[in-house]
There are 2 protein chains.
Amino acid sequence: MLNDSARLDLAFHALADPTRRGFVARLTRSPATVSELARPLRMSLPAVMQHLRLLEASGLIRSEKKGRVRTCRVEPKALAAAELWIGEQRALWEGRLDRFETYVEELKDRESRNG
Amino acid sequence: MLNDSARLDLAFHALADPTRRGFVARLTRSPATVSELARPLRMSLPAVMQHLRLLEASGLIRSEKKGRVRTCRVEPKALAAAELWIGEQRALWEGRLDRFETYVEELKDRESRNG
DNA sequence: GGAATCGTTAAGCACATGCTTAAGTATCGC
DNA sequence: GCGATACTTAAGCATGTGCTTAACGATTCC
């Protein structure tokens, strides 16, 4: 089992590449197939596959295959975890723990409405 | 000159390592010297230096040398940029651009008070 | 059934990462 | 000045990343 730190490693690493951030950005708008994601890029399909595998391993996206088509969609929880870590640092930097707590509640609230 | 995407690459990559996140977390509390950062770790000083160099290149921290001591501190702007990107994705996922705009204003506001 | 479509696996290659040890340099305290 | 302190540089090494091409597998369409 993966601990929180290892999950953050994977999430941040996944986000550290413009192609992968592009996929996440594309998938936030709506789900898409592997070919749809690959089409605008000048990159071989296997390369796209590797990025998607990494994104899926990080928990940022999930995918499902029906027939010969694989459809991908975002999984907002991993994104929220990364945002939460950064938010925590800023809260501490700002020296306002109270504000951090309301921030966490806000995030949880959004998640429960959308996740 | 570095564009936004390249900056995000550097910032997320810097955050994708637990040692470096540890440094950022430590430095959010207060500035620290290289040795202070290295002390709790079982890692050679050159290894620590490399992490710090990367953190500084990413803009997440800055450092200054006085005499033989180098003191490091966080630079919250790069952190805010990373958080902003994630926040944007969530806003789009939630389908509420209006909410995103208030979120941006909120971030800018915090920055101007703290940066 | 055979061709086109969509995805997947495997192999390989150039380069980056994350450490190490060994050997510097620059300051500080006496 | 001289030893201790606080980095810093350089070299090297195992492993990981991000691509490629070539070949394979599984559906779908006619």
Side-chain angles (χ1 to χ4, degrees), chain A residues 2-3 5-27 30-73 78, chain B residues 2-3 5-27 30-73 78:
Chain A
L2 247 42
N3 61 23
S5 179
R7 281 183 201 287
L8 281 177
D9 288 2
L10 290 174
F12 281 127
H13 176 226
L15 293 174
D17 179 282
T19 303
R20 289 193 291 265
R21 279 200 307 282
F23 286 163
V24 170
R26 166 66 187 79
L27 293 173
S30 75
T33 70
V34 173
S35 317
E36 281 167 358
L37 291 171
R39 190 153 18 242
L41 302 176
R42 300 189 199 151
M43 194 185 289
S44 68
L45 216 47
V48 169
M49 286 291 298
Q50 286 183 20
H51 284 301
L52 290 176
R53 214 188 329 273
L54 205 155
L55 278 169
E56 194 154 8
S58 77
L60 286 168
I61 72 166
R62 67 195 151 90
S63 72
E64 199 181 357
K65 194 161 180 177
K66 254 184 180 151
R68 58 185 169 172
V69 178
R70 177 174 296 281
T71 304
C72 309
R73 62 195 69 235
Chain B
L2 246 44
N3 61 23
S5 178
R7 281 183 200 287
L8 281 177
D9 287 3
L10 290 174
F12 281 128
H13 176 224
L15 293 174
D17 179 281
T19 302
R20 289 192 292 264
R21 278 201 307 282
F23 287 163
V24 171
R26 165 67 187 80
L27 293 173
S30 76
T33 70
V34 173
S35 318
E36 281 167 358
L37 291 170
R39 191 154 15 244
L41 301 175
R42 300 188 201 152
M43 195 184 288
S44 68
L45 216 48
V48 169
M49 287 291 298
Q50 286 182 20
H51 284 301
L52 290 176
R53 214 188 328 275
L54 205 154
L55 277 169
E56 194 153 10
S58 77
L60 285 167
I61 73 167
R62 67 196 152 90
S63 73
E64 198 182 358
K65 192 160 182 176
K66 254 187 180 147
R68 57 186 168 171
V69 178
R70 178 173 296 279
T71 304
C72 310
R73 59 194 72 234

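Chain letters run A, B, ... following the sequence lines, proteins first, then strands; residues in each count from 1.
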For the residue pair [X] and [Y], what are the closest heavy atoms and their distance?
{"X": "A:Ala78", "Y": "A:Ala11", "result": "O-CB, 4.5 Å"}
{"X": "B:Ser58", "Y": "B:Leu10", "result": "CB-O, 3.6 Å"}
{"X": "B:Leu15", "Y": "B:Arg21", "result": "O-NH1, 2.7 Å"}
{"X": "B:Leu45", "Y": "B:Ala38", "result": "CD1-CB, 3.5 Å"}

5'-most by nearest nucleotide on DNA chain D - B:Thr71 or A:Lys65: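 Looking at DNA chain D, the more 5' nearest nucleotide goes with B:Thr71.
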Quick check on DNA chain D: between A:Pro46 and B:Pro46, whose nearest nucleotide comes earlier from the 5' end?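 Closer to the 5' end of DNA chain D: B:Pro46.
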Please examine the side chains of [Y] and [X], heavy atoms only from C-beta on, and report whether any two atoms are closer than 4.5 Å.
{"X": "A:Leu37", "Y": "A:Cys72", "value": "yes"}
{"X": "B:Leu55", "Y": "B:Phe23", "value": "yes"}
{"X": "A:Lys66", "Y": "A:Thr71", "value": "no"}

So which of residues 30-39 of chain B are in contact with DNA chain C, with a heavy-atom cut-off of under 4.0 Å?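 Contacts with DNA chain C under 4.0 Å: none.
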DNA chain C-proximal residues of residues 47-54 of chain A, any heavy atom under 4.0 Å: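 Contacting residues: A:Met49, A:Arg53.
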Scan for side-chain hydrogen bond (donor to acceptor under 3.5 Å, both in side chains) pairs involving residues 30-39 of chain B, sequence neighbours excluded, and state none if there are none.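 For residues 30-39 of chain B: B:Arg26-B:Ser30.
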Leading and trailing nucleotides of DNA chain D with any atom under 4.0 Å from heavy atoms of chain A: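 Span of nucleotides near chain A: D:dT17 to D:dT28.
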When you look at B:His13 and B:Arg20, which way does the side chain to side chain contact (heavy atoms under 4.5 Å, CB included) test go after all the steps? CA-CA 10 Å; B:His13 176 224; B:Arg20 289 192 292 264; 3.8 Å; yes
Could you name each residue pair satisfying salt bridge (charged side-chain N to carboxylate O under 4.0 Å, His left out) that touches residues 41-56 of chain A, not counting sequence neighbours?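 Every candidate salt bridge (charged side-chain N to carboxylate O under 4.0 Å, His left out) pair involving residues 41-56 of chain A fails, so no pair, neighbours aside, qualifies.
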Value in whole Å for how far the P atom of C:dA4 lies from CZ of A:Arg68: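 Between P of C:dA4 and CZ of A:Arg68: 13 Å.
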Mind listing the residues from residues 18-25 of chain B sitting with a heavy atom below 4.0 Å of DNA chain D? Number order is fine.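 Heavy-atom cutoff 4.0 Å gives no residues at all.
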Under the criterion side chain to side chain contact (heavy atoms under 4.5 Å, CB included), I'd like the reasoning laid out for A:Leu60 against A:Leu27: C-alpha separation, chi angles, the key distance, then a yes or no. CA-CA 10 Å; A:Leu60 286 168; A:Leu27 293 173; over 6 Å; no
